[in-house]
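First the structure, in the form of structure tokens, and then the observations on it.
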Amino acid sequence: MRWSQLFIPTLRDIPSEAEAASHQLLLRAGYIRQLAAGIYSYLFLAKRSLLKIERIIREEMDLIGAQEFHLPELHPAEVWQESGRWKMMGSDMFRLQDRWGRDLCLGMTEEEVMTTIARGELRSYKQLPQLWYQIQTKFRDEPRPKSGLMRVRRFTMKDSYSFDIDEKGLEASYRKHYNAYCRILSRSGLDYLSVEAHSGAMGGKKSHEFVLPSDAGEDVVVTCDACDYLANLEKAESTPQVIENDASTKANPLEEFETPGQKTIAEVAAFGGLPASSHIKSLAMVISEETESKAVLVLLRGDHQLSEAKLSVLVSSETVRPAHPEEIQKWFGAEVGYIGPVGISQVEIIADKALEGRSGLVAGANKNGWHLRNVTPERDFKAHFEDLREVVAGDGCPHCGQPLALKKCIEVGHIFQLGRKYSESMGLRVLDEDGKERAPVMGSYGIGLERILTGAIEQNHDEAGMMLPAAISPFEVVIVPVNFKNDDQREAAEMIYERCLKSGLDVLLDDRPERAGVKFKDAELIGIPYRVTIGKKVAEGLVELSDRSTRLSTDVTLEEAVVSIREKVQAAPLADF
RNA sequence: CGGGGCGUAGCGCAGUUUGGUAGCGCGCUUGCUUCGGGAGCAAGAGGUCCGGAGUUCAAAUCUCCGCGCCCCGACCA
């Protein structure tokens, strides 16, 4: 296409609202414009890039036998009420009413709709497995949209759903998706990881997350260089740095001591002279069930942090929150900062494993202004010991013991083994070989298109702009005649442009009456991977071919140009399959 | 939901403290010169100063009430 006729509104200055590199570049390069918080218009370049991502995804889904649907994004409340998620989704869901006052919502995901279709039509195990997918707009009322397309309220997702008669079938469908996701991300030119994850509100057991390592990410993944252990921080386990107990403290009796105004572990540690790791951190938490809520006292080593995700899995409740000050006062008779496990009987106590076998610890005395020393778990209080702590960098790998590292990542895909949650609650049944009714086992598999683009930019950019992988760049090559008014240059540019088109390359001709510098800057900003520069040397039959990411350029003859570009463009993406 | 910041031309900003009727850079239009790394000169166009109410002879500026956007935390398939 010809640049002079396109709408590519590049900006010299960085819009002040943008912080993340991808956000700044998407705006500056004229890919997107904001309409409202977390709601963006995708202009020509973004749409083109997203179409390429979509095509890759579609090809890979079709390859595993998945069938594409187009589903409503406006859903009646009933189907969400049946699955029980109308309530559960809370204010993350956009809700509205029609003229008759009936409740509707904008789709966040399609389990309900897919299951509704399935239960009306699937009758026999012979029709299974089925793999259905769609690539459509999703809505989610994020409490805090941020970083451009990273976390938005309206986005595009490919989500697929599998229906199998048994777990073995599900395992196969899951495997297919796992492999397809690997191929999608490799073909898109991304550096990615797949990690075991916490399945959260989706229900079900097995789940993998596909993430792109990037400092701009919001997810944290725990990695071990020595043995390839990989897990989401929410789920990761580790062996904490060991603290040697002072054996002589074992027999020491409990002793109260006064700690006026010292509430935090750091304050008490400084005041009492023992390190934070010799303290017990006592957290009063409230677990809310549908009908009632109950309190638990969570204990951690003073220098450790609670993983709320692990706690909520442990108590199998979605809503776990810190207790309010009044509740703490009621249950413990003391303020936050002075509570502890000793003498507490009405509240269940769950302690992190790092406290097992310790002695001589400091804990709150359940009396304002006082703490206890020489606290010894088991002797002074009873608790269940569980893994509750959040891994920190340097902890030992649970497999090999080597130090773990934490990596920030962008979550792009998530696959789940749902089980029978939706088929059971929504009445999807088929007959099995024995003529008995059975609820099929389902899986759900999502991947975010904008996140792929955002992640690609975060992983591939420099001061000058984006450096998109050819497979997802809006154009594969840009032709820049230094001076379009020069006849020789213009003719050479037109010729190469025509040949590129004929050979099937996605080519952009910069035919604008701009100065060379402006064209170079723009080409670099929008991130086209290859550039053909046509300047004075055209008189000798030479043009310059340059690579956006390596910044290397070589002179090639007019004849060679198109062939060389084709080779470069085709080299990368499919290599490893 | 807690904490912080911002809102003046398409973009980046000054002007607000101390009230006097809006300015700079980039971009845009026209002309001339220039032409391989965001050109120069000249002449122009472009504004409900986020909105409403109030104080005042006079409000971008002061007061009150809203709205929007960004960042940190909480939250989050």
Side-chain angles (χ1 to χ4, degrees), chain A residues 7 9-20 23-24 27-30 33-40 85 88-93 107-112 138-148 150-153 155 157 159 161 197-204 207-211 218-219 232 234 308-309 312 318-322 324 411-418 421-422 443-448 451 463-465 480-486 489 510 512-525 531 533-538 543-544 546 551 553:
Chain A
F7 180 59
T10 58
L11 301 172
R12 292 196 185 194
D13 297 315
I14 301 170
S16 60
E17 73 259 22
E19 192 107 332
H23 189 194
Q24 295 183 349
L27 288 168
R28 278 193 61 209
R33 286 297 182 261
Q34 185 177 44
L35 185 61
I39 302 178
Y40 289 86
R85 295 207 298 176
M88 206 176 87
M89 287 305 183
S91 32
D92 276 359
M93 186 145 85
M108 307 172 67
T109 172
E110 304 285 337
E111 279 81 1
E112 282 78 1
K138 293 291 183 303
F139 298 88
R140 183 164 168 174
D141 197 358
E142 276 291 339
R144 183 147 108 76
K146 59 174 286 199
S147 306
M150 191 99 73
R151 184 196 275 277
V152 288
R153 297 197 291 173
F155 56 99
M157 181 163 88
D159 46 329
Y161 303 87
H198 168 69
S199 51
M202 296 299 296
S207 143
H208 279 88
E209 218 175 64
F210 289 83
V211 300
E218 306 176 299
D219 245 32
N232 189 299
E234 291 181 337
E308 286 196 31
S312 76
E318 278 309 317
T319 43
V320 173
R321 63 165 172 86
H324 301 309
E411 179 183 355
V412 286
H414 207 151
I415 60 178
F416 301 89
Q417 294 197 352
L418 289 176
K421 175 179 162 148
Y422 296 91
S444 104
Y445 318 88
I447 191 165
R451 289 242 176 127
E463 326 71 55
V480 182
V482 165
N483 183 351
F484 203 63
K485 276 184 259 177
N486 175 292
Q489 291 184 23
D510 194 347
R512 296 175 300 167
E514 291 289 349
R515 297 165 61 86
V518 173
K519 297 197 215 183
F520 294 154
K521 293 285 186 200
D522 274 345
E524 282 155 13
L525 180 59
R531 185 178 88 201
T533 311
I534 297 162
K536 289 200 181 91
K537 275 182 282 186
V538 76
V543 296
E544 192 178 291
S546 40
R551 295 265 187 183
S553 45

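In what follows, chains are A, B, ... by sequence order, proteins preceding strands, each numbered from 1.
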Expressed in whole Å, how much space separates the [atom1] atoms belonging to [N] and [M]?
N	M	atom1	answer
B/C13	B/C6	P	12 Å
B/C28	B/G47	C1'	15 Å
B/C62	B/G37	P	47 Å
B/G46	B/C57	P	34 Å
B/G7	B/C11	P	14 Å
B/C72	B/A60	P	34 Å
B/A58	B/G5	P	32 Å
B/G36	B/A42	C1'	27 Å

What pair of heavy atoms forms the shortest contact from A/D219 to A/V211, and how long is it?
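Between these two residues, the closest heavy atoms are OD2-CG1, 4.2 Å.
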Heavy-atom closest contact (A/V152 atom, A/G38 atom, distance):
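So the two residues come closest at CB-O, 3.3 Å.
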Strictly by Watson-Crick or wobble contacts shorter than 3.5 Å, is anything paired with [N], and which nucleotide is it?
N	value
B/G68	B/C6
B/U63	B/A53
B/G31	B/C41
B/A77	none

In whole angstroms, how far is the [atom2] atom of [N] from the [atom1] atom of [X]?
X	N	atom1	atom2	answer
A/R144	B/G2	CZ	P	15 Å
A/I14	B/C70	CD1	P	17 Å
A/E218	B/A77	CD	P	13 Å
A/K146	B/C75	NZ	P	14 Å
A/M89	B/C75	CE	C1'	14 Å
A/E514	B/U34	CD	P	18 Å
A/D13	B/G12	CG	C1'	4 Å
A/D141	B/C75	CG	C1'	13 Å

With side chains defined as the heavy atoms from C-beta onward, is the minimum distance between [X] and [Y] less than 4.5 Å?
X	Y	value
A/R12	A/K521	no
A/F139	A/I39	no
A/K146	A/H23	no
A/E411	A/N232	no
A/F484	A/D510	no

Once you apply a heavy-atom cut-off of 4.0 Å, does [X] come out as touching a base, just sugar-phosphate, or nothing?
X	answer
A/S553	nothing
A/E110	nothing
A/L27	nothing
A/A18	nothing
A/P145	sugar-phosphate
A/P15	sugar-phosphate

For A/E19 and A/P143, find the nucleotide of RNA chain B closest to each by heavy atoms; which residue's nucleotide sits nearer the 5' end?
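First, find each residue's nearest nucleotide; the 5'-ward one identifies A/E19.
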Quick check: on RNA chain B, is the nucleotide nearest A/K485 upstream (toward 5') of the one nearest A/A37, or the reverse? Name the residue that is more 5'.
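Taking each residue's closest nucleotide, the earlier one in sequence belongs to A/K485.
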Indicate whether OP1 or OP2 belonging to [N] is found under 4.0 Å from a side-chain N or O atom of [X].
X	N	result
A/T109	B/A77	no
A/R85	B/A77	no
A/S16	B/C70	no

Verify, without hydrogens or angle tests, whether A/Q489 (side chain) and A/N483 (backbone) share a donor-acceptor contact under 3.5 angstrom.
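Flag set: sc A/Q489 to bb A/N483 pair under 3.5 Å.
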Can you tell me if A/R33 uses its side chain to pair, donor with acceptor, with the backbone of A/Y40 under 3.5 Å?
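A pair under 3.5 Å: no.
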Say you draw a straight line from CZ of A/R512 to CG of A/D522; how long is it, rounded to the nearest 0.5 Å?
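The CG atom of A/D522 is 4.5 Å from CZ of A/R512, to the nearest 0.5 Å.
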How long is the straight-line distance from CD of A/E19 back to CE of A/M150, given to the nearest 0.5 Å?
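So the gap between those two atoms works out to 11.0 Å.
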If you only use heavy atoms from C-beta on, which nucleotide in B/C71, B/C75, B/C70 is closest to the side chain of A/Q34?
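My answer, after comparing the listed nucleotides, is B/C70.
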Proximity to the side chain of A/F416 - top-ranked nucleotide from B/G12, B/A74, B/A77:
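Between B/G12, B/A74, B/A77, the one nearest the side chain of A/F416 would be B/A77.
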Residues A/R85 and A/E111 bridged, charged N to O under 4.0 Å
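The answer is yes: the pair qualifies as a salt bridge.
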Show the distances under 3.5 angstrom between N or O atoms of the protein and N or O atoms of nucleotides 6-8 of chain B.
none

Base, backbone or nothing for each nucleotide of nucleotides 36-43 of chain B, written B, S, -, heavy atoms under 4.0 angstrom, 5' to 3'?
BBBB----
